[in-house]
Each structure stands twice: as structure tokens, then as C-alpha cells.
Amino acid sequence: MGDVAIDLAIRYQIGAARGIRSVLSAMDIQSDEFFASFGQTINNLILRHRKDLERKRRVVSPPGAHRAPSLSKTSHSKSQRRARWVDGTPEYSFYICGLRKLFPKARFIHIVRDVPSVVRSMLNFHRIAGNRLVANEEQAYDYWLRAVSACLKAEQAYGPRVVLRLRYSDLVDAPETAMRSVLKFVGERYVTASLTPLQERINSSKVPADFKIGDPETDPVLVERATRLSTEMTETPQPLEASPAAAEEMEAEFYERVRYVAAVDSEYHRAKQIIATLQKEHAQQESSYHAELRRMQAEHAQQETSYRAELQRMQAEHAQQETSYRAELQRMQAEYAQQEASYRAERQRHERSVAELTDRLRKQLWDTRRLSRLLDDTENAAVRLRSSRRWKLANPGAAIQAKLFPGKVSLGYGHLEKIVAAYSQWRASHPEIAKIEDATKAARSSILPSNAQENSDKKVEDFPEIQSIRKIAISETSAEPE
């Protein structure tokens, strides 16, 4: 009903905003009368349907389950009957100002209990209600601190005639005394039956005996503030007089909340308009996007078809080129194989020719060597002949000349001496004749089968010994002795 008071305040402001042109202000309906009329209607409805509530509560609620707010009735006589109803909703602690506007004659009882017990109870509220009242210990301390601060502000603003502070421990330890003070506060006489409702704990959590509090995640500053306030309430009595300043402060806070809720409502409607506008723009943009998407999809499909056709063309062209390249490769491989076979045959023919020429040259070298040895023997024979006694007796002039001129060779037998002289001169100009044995061995090794493959690519001219021997052969043919 706290929200009802705020909503009525908003509606009253709207109904009286235009002065004489507004129905409420034109009829001089003040806000107090406006609130009280709705409050009286609510009161009549509750009293009229009290029996229905009690009947449903007895039928529906099982033992130990969460009960609806209890109603109590006190009768003075059959001719004069008054009834009161009690609502113990904790949230009403934040709406005391608004509830007083709805119910000007209402009385408020502030039941005070130490904060650790309340926190333990709130943390175990789900055991009877099925849902959690708070999520954790810090929220429990914060809720208690805000609710108790609001009730203390109401005690200060409205005084002990409107708000009564009652200790929870008094209800438990001295129920009769506590109930007498409560009935005196609301203007009712005490009867023994008044203690009957206290025999059943309503909306009380079933806290396990071993349940402990002290979560390290809880803000220690918040715990300290709540504990200090709990101690102050125990040690400090309730104010004896109402404070107009505090009442004005609560009134200002109430209308501040009214303005906030009205602004929230206004902002809510404005937000709905903005959302409707955005939804319309979104629908238009979505339609445009869908059209653009369809266009792009069609364009993509067309491009994909074109690309697929181009890909097929390129694949066919590639296949054709690959076939052509393979045919050309096979042709070149066949041609290469044919050329390689021709080159191998040509090299073998060349090797055979080289081998034949080398063999012939070797034979010529051996013949040259034998001729050289024969000429050496001839020269030696001529030297022995010149030094023989017979030759000296036959040629006394040459013998005398040889003694007179030892360095000069005398001619003995005409043409033979000329041949020997020419050979000596030729041998002196051809010192490579001394290496003719090595040249012959080199020529022989070049035609051996074991080295045929290694020397198959060499030419006859690559051997320097053969070059010198060839020069000797040429000189022999061109320098015949006289």
C-alpha cells in the first residue's frame, strides 16, 4: 500500500495541476481528504472481506507455512463494535509518511530486535517462505539499517502517540506487560485473549541452533554502523514529543520520491515512445537491409555463375595446355633419347678411332726408338772406328789433326760420318728423345680397357708426350741424312 500512496500523490498532482480547470482543485478537494477517502475505502474493503481471508488462510496454509497478515478484532458491546486490522509487512517501514496520508488515524508499532538476531533470521527466511529475503549477510545488515533508520525517523517526526517502540525481548519475556502497553497505545482495553496470537510465531524464520554469522566479505563499516545503532536503541528511550522539523523532512522525502516515481513514469512513457520510434526505424532499416541483402545475394549468385564458367574455361584450357605440354615433353624426351644414343655411338666410334690411332702411334714410337738406338750404335761404332789403330794407319792426316785439334771431330768414312754428324746435331736439338720411353708408356695406358671410360673424353692431342713424339716423327721425315 506504500506504492498506492505514491501513485495517489502523483494522480492528485496531475488532477490539480491546472487550477480552476482541474476537477480536484476546482472542487477544493485537498490532498489530505483525497488520500483519506481512498484509505477509508481500503479499510472498508479489508474489514468487509476479513472473514474470506481468514477462511482461505485456514484451508490453504499448512502448519508451519508462511501466513498472511493476521487480523484481530476487539469488541466493546453488541451495539458498539469496532474492528482493527494489523499488517506487519516490513517494507512499510519505508512508507510511513504515505501510509499516514491514507490512514490518518493509523498507529505504528516499531518492534526493535538486536541486529545479529535479525540478520540470522533474514538469512534463513527461505526455510519457511521458499524464497530468499536477502542474498547475503551484507544485504541483511543494509536492509536492517535502512528500515530501522526510517522507523526511528518516524518516531522522531510523529512522537509516541503515533509510533510506539516495542522491544522484541519484552514480547518474549513479559508478553502480558508488552500487550497491555500495545493495547493502551491503540486505545483498546486489555483482555486475556489478547495473548493468544503471541502463542504462534508468524513469519518467523527457523534458524538452526548452530547457524553462525560473520561473513568476511561483509563490509565491516556497515556492520559497525548497524551494531552501534542497535546498541543506541537499547540504551536510548523513544522521544517523548513529536518533531515538526522531522515531520517536514519526512514529508519532503515522500514528495521527493513522488517526483522521482512521476519522473520515472514520464521517462518510461518517453522511453516507450523512443523505443517505438527506434523499432519503426529498425523495421525500415531492416527492410532496406533485406532488400540490399537480396540485391547483393543476386549479384553474388551472378558473379559466382560467371566465376564458375570462367573457372571451367580455365580448367579446360589448362587441361588442353597440359596435354600439349605432355606431348611436347614426350617428343623432347624421345628426341633426347635418340640424340643420346647417337652421341653414345659417336663417342664409342671416336674412342675406337682414338684407340687405333694411339696404337699406331705407339708402334711408330717403338720404331723411332729402335731407329734412335740403331743410330746411337752407329755413332758409337764410328767413334770406336776413329780411335782404332787401323783407322789411324789408314788416315794419318786425320789422326794428326785430331791430336792437334782435340775438340774438332774428323771425318773418317765420308757419307757415314755425315750421317752420324747430322744425327748428333738432330739429337741435340731434340732432347725429348730421352723421354720416349715415358711417352710410350703413356700411350699404352691410354688404350687400356680399365681406363677407357675415364679417358674416353680425352683427345690424343691432350697428351704432351705424344705432341713431342709427333714433332720427332715430322723431323725424321723432313731431315734425312746425306
D142 with R146: basic N within carboxylate O range, under 4.0 Å: yes

Side-chain ion pair, E340 and R344, N-O less than 4.0 Å: yes

Does [X] reach the side chain of [Y], with side-chain heavy atoms less than 4.5 Å apart?
X    : Y    : answer
Y158 : C97  : yes
Y190 : L195 : yes
L229 : L152 : yes
E217 : N136 : no
Q13  : Y255 : yes
V118 : Y143 : no

Qualifying residues under salt bridge (Lys or Arg N to Asp or Glu O under 4.0 Å), relative to R294, sequence neighbours excluded: none

Residues in salt bridge (Lys or Arg N to Asp or Glu O under 4.0 Å) contact with E224, at least two apart in sequence or another chain: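 Scan of E224 (salt bridge (Lys or Arg N to Asp or Glu O under 4.0 Å), adjacent residues dropped) gives R228.
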
Main-chain N/O of Q273 paired with T277 side-chain donor or acceptor, under 3.5 Å: yes

Worked verdict on E138 versus D215 for side-chain contact (heavy atoms from CB on, under 4.5 Å): CA-CA 8 Å; E138 183 169 328; D215 186 1; over 6 Å; no

At their closest point, which heavy atom of [X] faces which heavy atom of [Y], and how far apart are they?
X    : Y    : value
A154 : I96  : CB-CD1, 3.5 Å
F35  : A5   : CE2-O, 3.3 Å
V258 : A9   : CG2-CB, 3.6 Å
A242 : A157 : CB-O, 3.4 Å

Within residues 2-17 or reaching into it, pairs that qualify as salt bridge (charged side-chain N to carboxylate O under 4.0 Å, His left out) - sequence neighbours excluded: none

Among all residues two or more places apart in sequence or in another chain, which pass the side chain to side chain donor-acceptor pair (under 3.5 Å) test with [X]?
X    : value
R308 : E304
Q285 : none
R107 : none
R225 : none

Verdict with supporting geometry, S117 and Y168, side-chain contact (heavy atoms from CB on, under 4.5 Å): CA-CA 11 Å; S117 298; Y168 179 82; over 6 Å; no

Q30 side chain to Y12 side chain, donor-acceptor N/O pair below 3.5 angstrom: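 Short answer, no.
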
By side chain to side chain contact (heavy atoms under 4.5 Å, CB included) - contacts of Y92 (at least two apart):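 Here the qualifying residues are M1, D87, T89, L99.
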
Qualifying residues under side chain to side chain contact (heavy atoms under 4.5 Å, CB included), relative to D32, sequence neighbours excluded: none

Contact list for residues 99-122, test ring pair (Phe, Tyr, Trp, His ring centres under 6.0 Å), sequence neighbours left out: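 Sorted pair list: W85-F103.
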
Test log, rule side-chain contact (heavy atoms from CB on, under 4.5 Å), inputs F185 and L166: CA-CA 11 Å; F185 171 68; L166 179 64; over 6 Å; no

Pairs flagged by side chain to side chain donor-acceptor pair (under 3.5 Å) wherever residues 233-254 is involved - sequence neighbours left out: K101-E251, K153-E249

Pairwise side chain to side chain donor-acceptor pair (under 3.5 Å) hits with a residue in residues 171-186, at least two apart: E176-R180

Trace of the side-chain contact (heavy atoms from CB on, under 4.5 Å) decision for E356 with D359: CA-CA 5 Å; E356 293 175 357; D359 185 60; 5.7 Å; no

Heavy atoms of other groups near L45 CG, more than 12 under 6.0 Å: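 For L45, atom CG is crowded (more than 12 foreign heavy atoms under 6.0 Å).
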
Separation of N43 CG from R84 CZ (nearest 0.5 Å): 10.0 Å

Atom pair NE2 (H282) and OG (S287), whose distance is rounded to the nearest 0.5 Å: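 Between H282 NE2 and S287 OG, I get 11.0 Å after rounding to 0.5 Å.
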
